[in-house]
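Have a look at the structure below, then the notes.
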Amino acid sequence: ELYQKQLRNKKKLPSPSVSIRMASHVFYSTVKRFNTPFTSYIEGGLLLALKNYHLWILYGNGQWFLFDGVKNSVVNSGKIKGDINKYSHIIKSPQILNDKLIAFANCGQTKLQVLDPYSGDLDEDWHLDTPTLECVPQNERNNESKMIDAINDINILVLQKSQKICVCERRETNTADYLVSVVEKGKKDKIQAVLSSQQKNYLFGKVNEEDKVVLYSDYNSGEINFAIWDLSKHQDGFTTYNVGKNISTTIIYAGGWDKDTICLFGNSDSSGIPEMYLANYPEKNVETQYLDYLGEDALLADVIFADSKRKKVLCIEQGEEPILALYDGKQKKLDFKMNYEDPTNTFEVSVDKKYFVEYEGMMAGDTEEEKQGTTEVKIYSLVNKKMFLLYLMKKAVVTIQNEKKSLLGYYGHPYVAQQIADMFST
């Protein structure tokens, strides 16, 4: 809502000339289709991209499919257990737990579940009510309105290295507390921490993949406000930080970046340019990077992922047209940008960040159990342009005086091919 308001109120400036140029990387995309014995919709966020181009997709009728994007075939299928029409969602906030498991809040059964989509079985060694009894007590769980509100506010994150599942809820209290519960496999006890929001709206993110999560304010005036919970010292609860000066911005994403540093992305009220903030929270200082490669008439709409290891950020910016951009946070430069066709489509990055998927995600739609449907997704792989050109010249064949040679063989020395690749990738 804040983003839409900012977009409507933004001063109209002369549109910059936007050339879609390829820099050091290129997106290679393929369209994949498969049939289902029914027609239904995919709610945004209910497609997950596992390793090896395997896609888990949940449809609006509760049916799920596991699709192999390489072999172009369905690996397995099944259905979510419980009453799928009990509340406004079938499941909430699905996340990939590891190579074969997916965690989500089953709304009909009001509990956390972990599914193996390859076998179709549930791992019963995970225990948590969703919403928790601390959020909605037992004597209020027949109140449909309270249950719907609580379910709508559930957000789940998985810490991949420690294999912990973190569930964030918003409690109805005088200060609108945020409650985060953390569970592990085989343990019925949970650890919890509460952050008093003081009527601010917070979003949920990861600082690392082992033991730190963050709640961050989606709008900041003067200072950037966030709170970090160190699970290795879980009894200490959240530590609140206010960093920077004279920063007024709408934050849409935050996550880990370096040791003691998180990255935040937002639309500044003052500069009119999307910005990246690197906040060192022990030192309470902020470095600002200006994402000005689209000119001033642009807004940051979404951050699909921020890879703290490679220092790469894949984001969507809304200018004259929606732009998909890959930004290098280390070199402070744009690696690649491109227009994409439908601004209403949804993107999902793979758990290993080696590819991402574009699909038509919607909140509702027609479901016809007797009518065959077709699911279409577009899979993007990010390829280093220099390596792509070198591979192309190695595999490409030319015929010289009835003799076939590879382009590398024709040039006679790999140094020449490298120079050509350098020329076209800079």
Side-chain angles (χ1 to χ4, degrees), residues 1-5 36 38-48 56-65 77-96 102-115 117 122 126 128-158 165-173 176-181 183 197 199 201-205 215 218 252 302 344-348 359-369 373 375:
E1 292 178 0
L2 283 169
Y3 164 70
Q4 294 294 337
K5 181 179 179 181
T36 57
F38 53 82
T39 296
S40 189
Y41 61 94
I42 306 170
E43 184 179 329
L46 299 189
L47 181 151
L48 297 181
W56 183 81
I57 304 168
L58 177 66
Y59 296 89
N61 60 357
Q63 301 277 347
W64 58 261
F65 275 63
S77 63
K79 187 172 184 177
I80 298 297
K81 299 183 184 300
D83 185 354
I84 65 171
N85 299 312
K86 188 173 183 178
Y87 295 110
S88 52
H89 297 276
I90 302 171
I91 67 171
K92 196 70 169 57
S93 196
Q95 301 290 327
I96 295 172
I102 293 168
F104 53 82
N106 184 318
C107 300
Q109 297 189 344
T110 61
K111 64 181 180 180
L112 177 73
Q113 288 188 330
V114 174
L115 170 71
L122 292 172
W126 294 87
L128 187 70
D129 293 311
T130 52
T132 60
L133 293 174
E134 291 83 0
C135 182
V136 182
Q138 188 66 52
N139 62 350
E140 296 180 0
R141 294 176 88 84
N142 289 328
N143 187 321
E144 185 176 351
S145 177
K146 284 191 175 183
M147 288 294 289
I148 288 175
D149 288 344
I151 286 170
N152 287 343
D153 286 333
I154 290 174
N155 280 292
I156 297 175
L157 291 175
V158 167
I165 299 177
C166 310
V167 180
C168 180
E169 304 170 280
R170 188 167 184 170
R171 297 197 300 183
E172 287 188 12
T173 62
D177 294 340
Y178 283 85
L179 172 68
V180 177
S181 305
V183 293
S197 72
Q199 303 303 325
N201 189 48
Y202 281 83
L203 304 176
F204 193 39
L215 284 167
D218 66 353
I252 65 171
D302 191 18
T344 64
N345 280 4
T346 300
F347 291 87
E348 180 69 25
Y359 66 100
E360 185 181 3
M362 57 186 69
M363 291 303 297
D366 294 331
T367 296
E368 298 182 55
E369 294 293 341
T375 298

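The structure presented is a predicted model; accordingly, all values stated were derived computationally and were not measured.
Contact of the Y359 side chain with the I57 side chain is not registered, since no non-hydrogen atoms from C-beta on lie closer than 4.5 Å. Between T375 and I42, the closest side-chain pair of non-hydrogen atoms falls below 4.5 Å. Residues K86 and M147 fail the side-chain proximity criterion, which asks for heavy atoms closer than 4.5 Å. The shortest distance between side-chain heavy atoms of W56 and L115 falls below 4.5 Å. Looking at L47 and T346, their side chains never come closer than 4.5 Å, going by heavy atoms from C-beta outward.
Heavy-atom contacts from other residues, nucleotides or ligands closer than 6.0 Å to CG of N142 number 12 or fewer. Applying the 6.0 Å contact sphere to CD of E369 captures more than 12 heavy atoms from other residues, nucleotides or ligands. In E134, the CD atom is crowded: over 12 heavy atoms of neighbouring residues, nucleotides or ligands sit closer than 6.0 Å.
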**Request:** Please assess T110 against V136 for the test side-chain contact (heavy atoms from CB on, under 4.5 Å), listing each intermediate value before the final yes or no.
**Result:** CA-CA 11 Å; T110 61; V136 182; over 6 Å; no
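Rounding to the nearest 0.5 angstrom, the gap separating the CH2 atom in W126 from the NZ atom in K111 is 15.0 Å. Here K92 contributes atom NZ and I156 contributes atom CD1; the two are 8.5 Å apart, rounded to the nearest 0.5 Å. Rounded to the nearest 0.5 Å, atoms CG (D153) and CZ (F204) are 13.0 Å apart. Atom CG of L58 is separated from atom CD1 of I91 by 5.0 Å, given to the nearest 0.5 angstrom. In this structure, S93 OG and I154 CD1 are separated by 8.5 Å, a value rounded to the nearest 0.5 Å. To the nearest 0.5 Å, the span separating CD1 on I80 from CZ on F104 amounts to 4.0 Å.
With N155 contributing its side chain and L203 its backbone, the two residues share no donor-acceptor pair below 3.5 Å. Between the R141 side chain and the P131 main chain, a donor and an acceptor come within less than 3.5 Å of each other. Between the side chain of Y87 and the main chain of I151, no donor-acceptor pair closer than 3.5 Å is present. In this structure, the side chain of S197 engages the main chain of A176 through a donor-acceptor pair within 3.5 Å.
In plain terms, the two heavy atoms of T367 and S40 that are nearest each other are OG1-OG, 3.2 Å. The shortest non-hydrogen separation linking I90 to G60 is CD1-O, 3.5 Å. Between P94 and L48, the shortest heavy-atom contact is O-CD2, 3.7 Å.
For the side chain to side chain donor-acceptor pair (under 3.5 Å) test with R170, the passing option among D149, N201, N152 is N201; the others fail.
A search for side-chain contact (heavy atoms from CB on, under 4.5 Å) contacts involving T39 returns E368, K371, not counting sequence neighbours. For N85, the side-chain contact (heavy atoms from CB on, under 4.5 Å) criterion is met by D83, not counting sequence neighbours.
Side-chain atoms of E169 and T132 include a donor-acceptor pair closer than 3.5 Å.
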